[in-house]
Trainee: 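Attaching a single structure in structure tokens format; questions to follow.
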Amino acid sequence: MPELPEVETMVRGLRRIVGRTVARTRLSHDDILYRTTRRRLLAGLSGVTLTGVSRRAKHAVVSTSRGTWLVVQPGMTGSLYLRRGALTADDTRYGVLRCQLDDGRTLVYHDVRRIGSLRLLDQEAFVAWEAALGPEPLATDFTARDLAASVGRTRQAIKKALMDQRLLAGVGNIYANEALFVASIDPSKPANRIPDAAWLPLHRALRRILRTAIAAEGSTIRDYRTGDGRPGGFQKAFTVYGREGEPCIRCGTALTATHLIDARVTVFCHRCQR
DNA sequence: ACGAGGTCCTGCGAGC
DNA sequence: TGCTCGCAGGACCTCG
């Protein structure tokens, strides 16, 4: 499930597309499009030169010579990669978007479940989209105070608040679980009742985990692969995610799993996380 | 304005 | 063996 580290890894594998021109584009399903149409997407990509690729939150962002941006939200099972040479059967079956480039490579957006989305934005729409997202947790100037000011303004459970992309960008279920364990915070605690002293450890835990996960090229649960087809490595470092019933690495208590927060799996140590 | 809960989509694994 | 069913989940959307 691509969160910040996985999308960052995808994007780093796509540097080569910069300067390339799109020769031909194919789209297998329209249901992946967000507020655009097949016709607009295909016309918008036809003949453009790709001028940059970056990450914002959990999205891969490809800028074009036409002053537009292709924004890819990989959702659960999406990945964006560059295929050199002929496409495989799998590329063809699940490659929802396939852009043939002028160097013979193909930029593929692969998504089995198509929970992800594709959008093509002009300048105005891009600025508005960008502005609606919360701060980047790995930005050099992002402080614990910024984290508290943004995430701490809701009375939602802290775990849900961390995953709210309007409050903080890029954090999903896995990294929220992991960061809250490291910072010893109860995931169900209302965000606006987190004590002042807890924001610093949470900020430190979040940034350390995200950086370490990027260095490991993300976490692979099932589908996620790097641009070279390798699984990520950070799942080996999970302390809570996927470890329900197993002993807490700190105190040995069996880890608890619940679906009570936002109907997603939350795993935590009820003894260490208060 | 906010929060809770439904929806999308497909593959996989459990259970019969 | 072959089928059905529930589950995974990020973001959007509707409803109260």
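Everything numeric in this text was worked out from a predicted model, so none of it was measured. To find a chain, count down the sequence lines: A is the first, B the second, and so on, and within it residues start at 1.
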Trainee: Do A:Arg113 and C:dA8 have a side chain to base donor-acceptor pair shorter than 3.5 Å?
Mentor: yes

Trainee: What is the distance from CG of A:Asp111 to C1' of C:dA8, rounded to the nearest Å?
Mentor: 13 Å

Trainee: Going by modelled atom types, is there a donor-acceptor pair between the base of C:dG10 and the side chain of A:Arg264 at under 3.5 Å?
Mentor: yes

Trainee: Measuring to OP1 and OP2 of C:dA8, would you say a side-chain N or O of A:His259 lies under 4.0 angstrom away?
Mentor: yes

Trainee: Return no unless some side-chain N or O of A:Tyr241 is found under 4.0 Å from OP1 or OP2 of C:dG9.
Mentor: yes

Trainee: With heavy atoms under 4.0 Å as the rule, sort A:Arg35 into base, sugar-phosphate or nothing.
Mentor: sugar-phosphate

Trainee: Indicate the ring-plane relationship of A:His59 and A:Trp129, choosing parallel, tilted or perpendicular according to the 30° and 60° boundaries.
Mentor: perpendicular

Trainee: Assign A:Tyr175 to base, sugar-phosphate, or nothing according to its heavy-atom contacts below 4.0 angstrom with the strands shown.
Mentor: nothing

Trainee: Write down the distance between NZ (A:Lys159) and P (C:dG9), rounded to a whole number of angstrom.
Mentor: 8 Å

Trainee: Over all strands shown, is A:Asp31 touching base, sugar-phosphate only, or nothing at heavy-atom distances under 4.0 angstrom?
Mentor: sugar-phosphate

Trainee: Heavy atoms under 4.0 Å, any strand shown: does A:Arg119 hit a base, just sugar-phosphate, or nothing?
Mentor: sugar-phosphate

Trainee: Heavy atoms only, 4.0 Å cut-off, all strands: where does A:Gln156 land among base, sugar-phosphate and nothing?
Mentor: sugar-phosphate

Trainee: Which part of the nucleic acid, if any, lies within reach of A:Asn173 when heavy atoms closer than 4.0 Å are counted: base, sugar-phosphate only, or nothing?
Mentor: sugar-phosphate

Trainee: Mind checking the OG-CG spacing from A:Ser63 to A:Leu121? Nearest 0.5 Å is all I need.
Mentor: 12.0 Å

